[in-house]
Amino acid sequence: SKLSSLISSESKNPINIFAKGSNLNPQVFSFDITKLRNFYNDKGFNNVEIDYTLIKSSSTYYELTFFIKENYRTKIINTNYDIDEEFSKSNAFIKIKSKYDKSLKNNNFFYDFEIVNNFISNMEDYLVSKNIFSFSFDVEVRQNNKDYELFILTKKSAPLVINKIDIFGNSITKDKTLRSKIPIQPGDYFSNYKLIKSKKTLSDLKYVNNVIVNTNESLNSINITYEIDENKKTGNLLFAGTVNGDTGLGASIGIDDKNILGSGNEIKSNFTINTETALFNVSLRQYSYLNSKLSNFYKIYNLESDF
């Protein structure tokens, strides 16, 4: 279920009025493989092998199969620190490090991008909160047989302020929808780790196939550009006629869209009408523009179970 949630390809009803859906587009399959490979790499599977087959099983059905060979999962065998001495003795660092050590232990010491990235981001957030801009942090990853050793280093650098953020390539998805998913904004102090996080967040969206990020520094500011390869086929429309010995003639209409009018909101609905009854099932997930981690879920339905 986790892997299925990452990809854009999905099963479609054979009576879909769109004869060629996204799941028959080889380019979408390639993006799906990229998303799956990125997920595995972020979890420490550096030699994962992924491929797919698309087999026509009948005149209207195709069977899409992804083959995944995970191979070895890398562990973090040691984390070394060469950081500012005063900061390393602070209570703030001790608390942040303790949280990192606990997360790493709970993950059985497997490498996980989220754990390492959150660790660095938390330290940099603390520096910003204390108006300390004379240094930042960097991570060196060194191979030790099949596993990793991490070296957390202090890097002296002048602070950069984000001047502007430009987004290109989106023809359907609204600009404010994409910006609401980015954890940085103009006026913030620049963090390379938050930039990496923002690219990953956008790439994981169902309506985004791929993201390229470019930066341009000028004096004490930096401009960021996101080039979006948009997935324009995020919705399905179903219309069908039905015949049943008990209920007679009927009709069924369904709508399924993961990016309603470019808002990033999701809707799934089905309406069935016959001579006896009218059944419906409508669900809507609405994401906040102020905080993309928050969403409202609405559902209204009238269903029957015939035992």
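The nearest pair of heavy atoms linking S191 to E124 is OG-OE1, 2.7 Å. Of all heavy-atom pairs spanning T177 and G262, the tightest one is OG1-O, 2.9 Å. The nearest pair of heavy atoms linking R179 to I167 is CG-CD1, 3.6 Å. Of all non-hydrogen atoms in E149 and N80, the two that sit nearest each other are OE1-ND2, 3.4 Å. Among all heavy-atom pairs drawn from P183 and K197, the shortest one is CG-CG, 4.4 Å. Smallest separation of non-hydrogen atoms from S283 and F297: CB-CZ, 3.8 Å.
Residue L3 qualifies as enclosed at atom CG: its count of foreign heavy atoms under 6.0 Å is above 12. In N145, the CG atom is not crowded: 12 or fewer heavy atoms of neighbouring residues, nucleotides or ligands sit closer than 6.0 Å. Counting heavy-atom neighbours within 6.0 Å of L294 CG, excluding the residue itself, gives a total above 12. Crowding of K200 atom NZ: a count of heavy atoms from other residues, nucleotides or ligands under 6.0 Å exceeding 12. Few gaps surround CG on N71; more than 12 heavy atoms of other groups in view lie less than 6.0 Å from it. Residue E85 qualifies as open at atom CD: its count of foreign heavy atoms under 6.0 Å is 12 or below.
In this structure a side-chain-to-backbone donor-acceptor pair under 3.5 Å is missing from S88 to I83. Between the side chain of N274 and the backbone N or O of A278 there is no donor-acceptor pair closer than 3.5 Å. Distance alone, capped at 3.5 Å, is enough to place a donor-acceptor pair between the S129 side chain and the Y126 backbone. Under a 3.5 Å cut-off, the side chain of K155 and the backbone N or O of V139 do not form any donor-acceptor pair. Proximity of a side-chain donor or acceptor of T34 to a complementary backbone N or O of S30 within less than 3.5 Å is detected. No donor-acceptor distance shorter than 3.5 angstrom exists from the side chain of N265 to the backbone of L284, with no hydrogens or angles considered.
Ion pairing between a basic and an acidic side chain is recognised when a charged N comes within 4.0 Å of a carboxylate O; K43 and E114 show no such pairing. Under the 4.0 Å criterion applied to side-chain N and carboxylate O atoms, D204 and K181 are not assigned as salt-bridge partners. In this structure, K97 pairs ionically with D101, as a charged nitrogen and a carboxylate oxygen lie closer than 4.0 Å. Contact check on E140 versus R142 returns a salt bridge, with a Lys/Arg side-chain nitrogen under 4.0 Å from an Asp/Glu carboxylate oxygen.
Residues Y62 and F66 share a single hydrophobic cluster, defined by chaining ILVMFWY side chains whose heavy atoms lie under 4.5 Å apart. Under the 4.5 Å side-chain heavy-atom criterion for Ile, Leu, Val, Met, Phe, Trp and Tyr, I162 and L202 are members of the same hydrophobic cluster. In the hydrophobic clustering of this structure, L178 groups with L195; members are Ile, Leu, Val, Met, Phe, Trp, Tyr whose side-chain heavy atoms approach within less than 4.5 Å, directly or through other members. Under a hydrophobic-cluster definition in which Ile, Leu, Val, Met, Phe, Trp and Tyr are linked whenever side-chain heavy atoms come within less than 4.5 Å, directly or via other members, F113 and V213 are assigned to different clusters. L205 and F29 fall into different hydrophobic clusters, defined by Ile, Leu, Val, Met, Phe, Trp and Tyr side-chain heavy atoms under 4.5 Å apart, directly or through other members.
Distance OG/S180 to CD/Q185: 11.5 Å, rounded to 0.5 Å. With rounding to the nearest 0.5 angstrom, the CZ atom of R73 is 8.0 Å from the CG atom of N108. Here the CD-CD1 distance, from E70 to I50, works out to 9.0 Å after rounding to the nearest 0.5 Å. Atom CD1 of residue I115 and atom CZ of residue F109 lie 10.0 Å apart, to the nearest 0.5 angstrom. Rounding to the nearest 0.5 Å gives a distance of 7.5 Å between CG of D112 and CG of D42. Atom CD1 of I222 sits about 10.5 Å away from atom OG of S218, to the nearest 0.5 Å.
For the pair I33/Y52, a side-chain contact is recorded, criterion being any heavy-atom separation below 4.5 Å from C-beta on. Two residues are said to be in side-chain contact when any heavy atoms from C-beta on lie closer than 4.5 Å; T173 and I228 fail this criterion. A 4.5 Å side-chain heavy-atom check between F119 and L104 finds every atom pair outside the cut-off. Residues V161 and Y189 are in side-chain contact: their nearest non-hydrogen atoms beyond the backbone lie under 4.5 Å apart. Side-chain contact between Y72 and D147: present, with at least one pair of heavy atoms (C-beta onward) separated by less than 4.5 Å. No side-chain heavy atom of Y111 sits under 4.5 Å from any side-chain heavy atom of N46. The shortest side-chain heavy-atom distance between F31 and S203 does not fall under the 4.5 Å cut-off. Between V141 and V116 there is no side-chain heavy-atom pair separated by less than 4.5 Å.
Side-chain contact of D138 with Y193: a donor-acceptor pair under 3.5 Å is present, judged by distance alone. Between the side chains of Y226 and S198, at least one donor-acceptor pair of N or O atoms lies under 3.5 Å. If you check the side chains of N163 and N223, you find a donor sitting under 3.5 Å from an acceptor. When only modelled atom types and interatomic distance are considered, N216 and N214 share no side-chain donor-acceptor pair under 3.5 Å. There is no side-chain donor-acceptor pair under 3.5 Å between Y301 and N270.
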*Any chance you could lay out the side-chain contact (heavy atoms from CB on, under 4.5 Å) test for I152 and M123, step after step, and finish with the verdict?*
CA-CA 11 Å; I152 312 298; M123 290 197 293; 3.9 Å; yes
*Walk me through it: do K299 and N281 pass the test side-chain contact (heavy atoms from CB on, under 4.5 Å)?*
CA-CA 8 Å; K299 186 168 184 175; N281 187 2; 3.3 Å; yes
*Do I184 and I224 pass the side-chain contact (heavy atoms from CB on, under 4.5 Å) test, and can you show the C-alpha distance, the side-chain angles, and the key distance before you say yes or no?*
CA-CA 10 Å; I184 53 178; I224 303 173; 3.8 Å; yes
*K146/T74 under side-chain contact (heavy atoms from CB on, under 4.5 Å): CA gap, chis, key distance, verdict*: CA-CA 6 Å; K146 288 186 176 181; T74 304; 5.9 Å; no
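Y81 pairs in a ring-ring contact (aromatic ring centres under 6.0 Å, His included) with only one of the listed residues (Y100, F87, F93, F151), which is F93.
In this structure, K75 is positioned above the aromatic face of F110, its NZ or CZ under 6.0 Å from the six-membered ring centre and within 45° of the axis.
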